Amino acid sequence: MTKTLVRQLFRETEKYAHKNITVSGWIRTIRISKSFGFIELNDGSFFKNLQIVLEKDKIENFNEVSKLNVGAAITASGVLDMTPDAKQPFELKSGFVEINGLSTSDYPLQKKRHTFEYLRTLAHLRPRTNTFSAVFRVRSILAYAIHKFFQERGFVYVHTPIITASDCEGAGEMFQVTTLDIEKIAQSGQQSVDYSKDFFGKAANLTVSGQLNVETYCMAFRNVYTFGPTFRAENSNTTRHAAEFWMIEPEIAFADLKDDMRLAEEMLKYVISYCMENALEEMEFFNQFVDKDLLERLANVINSDFAHITYTEAIELLQKEKDKFEYSVEWGSDLQTEHERYLTEKVFGRPVFVTDYPKDIKAFYMKLNDDGKTVAAMDLLVPGVGELIGGSQREELYDVLVSRMEENGLSPEDYGWYLDLRKYGTNKHAGFGLGFERLVMYVTGMGNIRDVLPFPRTVGNADF
RNA sequence: UCCUCAAUAGCUCAGUUGGCAGAGCAUGCGGCUGUUAACCGCAGGGUCGUUGGUUCGAGCCCAACUUGAGGAGCCA
């Protein structure tokens with residue numbers, strides 16, 4: 001039996017109108033009267049449901065079907081009827097229903113609104129709800145759009161390692177990876193751990209960033225990107241942080257900070273446009289039920305040029321408005337969340353690049369500017385989410401990089417392979433990191449990172 | 001890690017000044033010939049997060065703990 005997908009019915013309606021079709025899916029709602037009834041079927045291929053009409057005298061097992069619970073899996077055949085005057089454009093007048101899998105009366109998803117907190121406890125069932133079906137289809141489409149953007153421009157996709165024995169990169173607390181029996185070590189009472197006995201012969205961790213590794217491939221392929229999981233063991237409990245998240249890190253050779261920002265802006269506009277064209281129904285749903293200004297805001301992002309401001313200019317601007325802030329603003333300290341949001345939401349009302357931060361609050365590998373005080377770094381701030389992208393031009397001068405490492409308390413001998421890149425054919429290069437979940441949040445309007453990760457891992461929570 | 005708030009039926013919530021534990025939805029049964037979170041009737045469903053305290057009496061007041069949420073820091 002050839003199955004028709006509900007997506008096809010909506011996308012190529014003329015082709016299926018008045019024809020006999022067979023569909024399979026799960027019951028979202030069921031309404032039964034004495035001699036007829038309706039089933040809303042979702043087959044997973046499309047955001048919207050197909051209404052199936054059941055008539056007692058046309059369906060052999062009507063009584064059995066009428067007792068089905070929400071969540072049951074069925075296969076139904078019949079004629080696709082056009083219903084231009086009804087709420088739905090068409091419906092399936094069913095003549096045959098096969099029950100594939102029953103559900104029970106304690107099915108936890110009701111035909112009503114649930115809180116996101118409750119649905120987080122049902123991570124295995126929540127993709128069956130409207131909101132999460134929309135979120136995770138958009139997540140998939142966005143991931144594809146990112147690959148499409150970079151591949152169309154000749155970027156090489158590099159798989160940087162998940163496990164790393166590199167010393168700290170200053171990007172955050174790391175999860176240790178070990179095959180040592182820690183219970184045995186604890187019981188033995190020994191004072192220190194002999195990592196030479198560990199799997200890799202030294203201490204190893206899960207990666208906090210693929211950047212240093214991908215820079216090596218940048219120096220071979222010129223334009224490269226990573227897109228993979230990243231792990232941070234920070235004890236941070238916010239709507240924007242997870243212990244396991246996905247990051248996109250492009251790196252471009254023979255390029256400076258301006259090229260980097262141009263790339264970031266083009267990429268963001270590209271993936272948002274792609275999503276709005278390819279997830280129409282989902283985006284409309286978000287605009288209606290999650291964030292009323294979403295489509296307008298995203299259209300504004302696509303059509304306007306991003307703003308630019310240097311860190312120093314931003315500090316001057318914020319100092320004039322200091323009454324509005326809880327925290328004071330001083331040159332040399334990092335911008336607070338309230339400052340970032342004020343800049344992007346109130347001052348500019350669109351995405352803004354803040355550039356040239358003081359070197360002391362940024363990473364060692366960032367390009368030292370001619371003033372000797374700032375580095376060629378950029379953060380892209382967006383309304384609603386805050387920092388979406390962080391990037392920089394990299395320090396390409398061997399001696400400067402070594403002294404920057406020493407200033408940051410790192411031993412250059414631990415980074416021999418990284419320094420080699422400055423020894424053999426160094427050139428200006430730049431890159432950025434984009435938190436994929438923050439992008440999904442920005443595009444969907446969802447307010448909590450736990451609701452854009454299929455199975456979120458946060459402090460104290462690794463269920464499912 | 002810090003600050004604030006919350007926890008009552010399967011879900012979403014109400015519960016007055018400390019005095020009999022409530023509603024809607026869901027569930028079960030019955031009704032209904034075009035429903036759209038269908039509708040109408042009836043029924044079942046509770047250790048009020050946990051532990052302790054104050055009180056004649058605690059869902060309500062107090063303390064600690066647990067869990068969750070929001071904000072801050074850290075960051076992507």
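In what follows, every chain begins at residue 1, and chains take the letters A, B, ... in the order their sequences are listed. Quick caveat, the model's predicted, so the values are computed rather than measured.
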Report the base-pairing partner of [N] (Watson-Crick or G-U wobble, both distances below 3.5 angstrom), or none.
{"N": "B:rC42", "value": "B:rG28"}
{"N": "B:rA72", "value": "B:rU1"}
{"N": "B:rA6", "value": "B:rU67"}
{"N": "B:rU12", "value": "B:rA23"}

Angle class for the [X]/[Y] ring planes (parallel below 30°, perpendicular above 60°, tilted otherwise)?
{"X": "A:H159", "Y": "A:Y157", "result": "perpendicular"}
{"X": "A:F46", "Y": "A:F10", "result": "parallel"}
{"X": "A:W331", "Y": "A:Y311", "result": "perpendicular"}

Any side-chain N or O of [X] below 4.0 angstrom from OP1/OP2 of [N]?
{"X": "A:S33", "N": "B:rU33", "answer": "no"}
{"X": "A:R240", "N": "B:rG70", "answer": "no"}
{"X": "A:T337", "N": "B:rG73", "answer": "yes"}
{"X": "A:K87", "N": "B:rA37", "answer": "yes"}
{"X": "A:T239", "N": "B:rA69", "answer": "no"}

Taking [M] as the reference, what is the distance to [N] when you measure between their [atom1] atoms (whole Å, please)?
{"N": "B:rG24", "M": "B:rA14", "atom1": "C1'", "value": "11 Å"}
{"N": "B:rU8", "M": "B:rA69", "atom1": "P", "value": "15 Å"}
{"N": "B:rU47", "M": "B:rA21", "atom1": "P", "value": "14 Å"}
{"N": "B:rC20", "M": "B:rU16", "atom1": "C1'", "value": "15 Å"}
{"N": "B:rU35", "M": "B:rG45", "atom1": "C1'", "value": "29 Å"}

When you match A:D334 and A:R120 each to their closest nucleotide on RNA chain B, which lands nearer the 5' end?
->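 By nearest-heavy-atom nucleotide position, the 5'-most residue is A:R120.
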
Pairwise 5' ranking along RNA chain B for A:G433 and A:P108, keeping only the more 5' one = A:P108

[X] has an atom [atom1]; how far is it from atom [atom2] of [N], in whole Å?
{"X": "A:K112", "N": "B:rU12", "atom1": "NZ", "atom2": "C1'", "answer": "4 Å"}
{"X": "A:K34", "N": "B:rU33", "atom1": "NZ", "atom2": "P", "answer": "6 Å"}
{"X": "A:L54", "N": "B:rU35", "atom1": "CG", "atom2": "C1'", "answer": "11 Å"}
{"X": "A:N448", "N": "B:rA69", "atom1": "CG", "atom2": "C1'", "answer": "9 Å"}
{"X": "A:E55", "N": "B:rU35", "atom1": "CD", "atom2": "P", "answer": "14 Å"}

Side chains of A:Y225 and A:Q151, donor plus acceptor under 3.5 Å |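 On atom types as modelled, these side chains qualify, holding a pair under 3.5 Å.
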
Establish, from distance only, whether the side-chain atoms of A:Q8 and A:Y16 form a donor-acceptor pair under 3.5 Å.
-> yes

Using a 4.0 Å heavy-atom cut-off across all strands, classify A:Y327 as base, sugar-phosphate, or nothing.
-> sugar-phosphate

Contact class for A:E91 vs. all strands (heavy atom < 4.0 Å): base, sugar-phosphate, or nothing?
->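 Base, at least one base atom sits under 4.0 Å.
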
Can you tell me whether the side chain of [X] and the base of [N] have a donor-acceptor pair closer than 3.5 Å?
{"X": "A:H114", "N": "B:rC11", "value": "no"}
{"X": "A:Q110", "N": "B:rU12", "value": "no"}
{"X": "A:Q336", "N": "B:rG73", "value": "no"}

If only atom types and distance count, is the side chain of A:R240 paired as donor or acceptor with the main-chain N or O of A:G447 below 3.5 Å?
->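 Not confirmed, A:R240 side chain does not pair with A:G447 backbone.
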
